[in-house]
Novice: 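I have a structure I would like to understand better, so I am pasting it below and will then ask my questions one at a time.
As the structure is a prediction and not an experimental result, all values here were calculated from the model. Side chains included, hydrogens not; waters and symmetry mates left out as well; all remaining heavy atoms used.
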Amino acid sequence: MPPSAIRITNLSATSAFITWEPPLDDGGNPILQYILEKRDAGSASWEILTSLPSHIRNCELENMTVGKEYFIRIRSESKVGYGDPTEYPDPIKAHGLQHG
């Protein structure tokens, strides 16, 4: 199952702090790592920002461009492969946040 409860906090001119909860059910295969991805609004291509060990469930999105919107998603990986991603429902934008 995908990670849950993505939250965006500490939004600034160039960065945002992202936190999430583990999947509600790992299907009997412990999570090995989380992969954080972003894409620019208007683009279809996702870019991997970082991979984090399973005990870390937060990351700072840095080097945002003022006025540009970004979509964020997180997926988990276990020994059987990648889970479905969880996408934050709204784009995030430096100096403004659609939902918080």
Novice: Please say which of D84, I74, L36 ends up in a side-chain contact (heavy atoms from CB on, under 4.5 Å) with P3.
Specialist: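 So, applying the side-chain contact (heavy atoms from CB on, under 4.5 Å) to P3 and each of D84, I74, L36, only I74 qualifies.
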Novice: What's the separation between atom OG1 in T19 and atom CZ in R57, rounded to the nearest 0.5 Å?
Specialist: 9.5 Å
Novice: Which heavy-atom pair separates S78 from P30 by the least distance, and what is that distance?
Specialist: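 So the minimum-distance heavy-atom pair works out to CB-O, 3.4 Å.
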Novice: Report yes if some heavy atom in the side chain of I56 is under 4.5 Å from a heavy atom in the side chain of Y34; otherwise report no.
Specialist: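 Result no, sub-4.5 Å side-chain heavy-atom pair not found.
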Novice: Report the distance from atom CD1 of I8 to atom CG of D90, rounding to the nearest 0.5 Å.
Specialist: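 Answer for the CD1-CG pair, I8 versus D90, is 10.0 Å.
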Novice: OH of Y70 to CG of D40: how many Å apart, nearest 0.5 Å?
Specialist: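 CG of D40 is found 5.5 Å from OH of Y70.
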Novice: W20 versus T86: any side-chain heavy-atom pair under 4.5 Å?
Specialist: no
Novice: Side-chain heavy atoms under 4.5 angstrom apart, residues restricted to Ile, Leu, Val, Met, Phe, Trp, Tyr: same cluster for I6 and F71?
Specialist: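 Unlinked, I6 and F71 end up in two clusters.
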Novice: So which heavy atom on E87 is nearest to which on R73, and how close?
Specialist: CA-CB, 3.8 Å
Novice: For residues 42-55, dump all side-chain donor-acceptor pairs below 3.5 Å to protein atoms at least two apart in sequence or in another chain.
Specialist:
| from | atom 1 | to | atom 2 | distance (Å) |
| --- | --- | --- | --- | --- |
| S43 | OG | S45 | N | 3.1 |
| E47 | OE1 | K38 | NZ | 3.4 |
| S54 | OG | I31 | O | 3.3 |

Novice: Please list, chain by chain and in numerical order, all residues satisfying salt bridge (Lys or Arg N to Asp or Glu O under 4.0 Å) with E60, sequence neighbours excluded.
Specialist: none
Novice: Answer yes if L11 and I18 sit in the same cluster of Ile, Leu, Val, Met, Phe, Trp and Tyr residues linked by side chain heavy atoms under 4.5 Å apart, and no otherwise.
Specialist: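 Yes, one cluster joins them.
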Novice: Please name the pair of heavy atoms, one in G67 and one in K93, separated by the smallest distance, quoted to 0.1 Å.
Specialist: O-CE, 3.3 Å
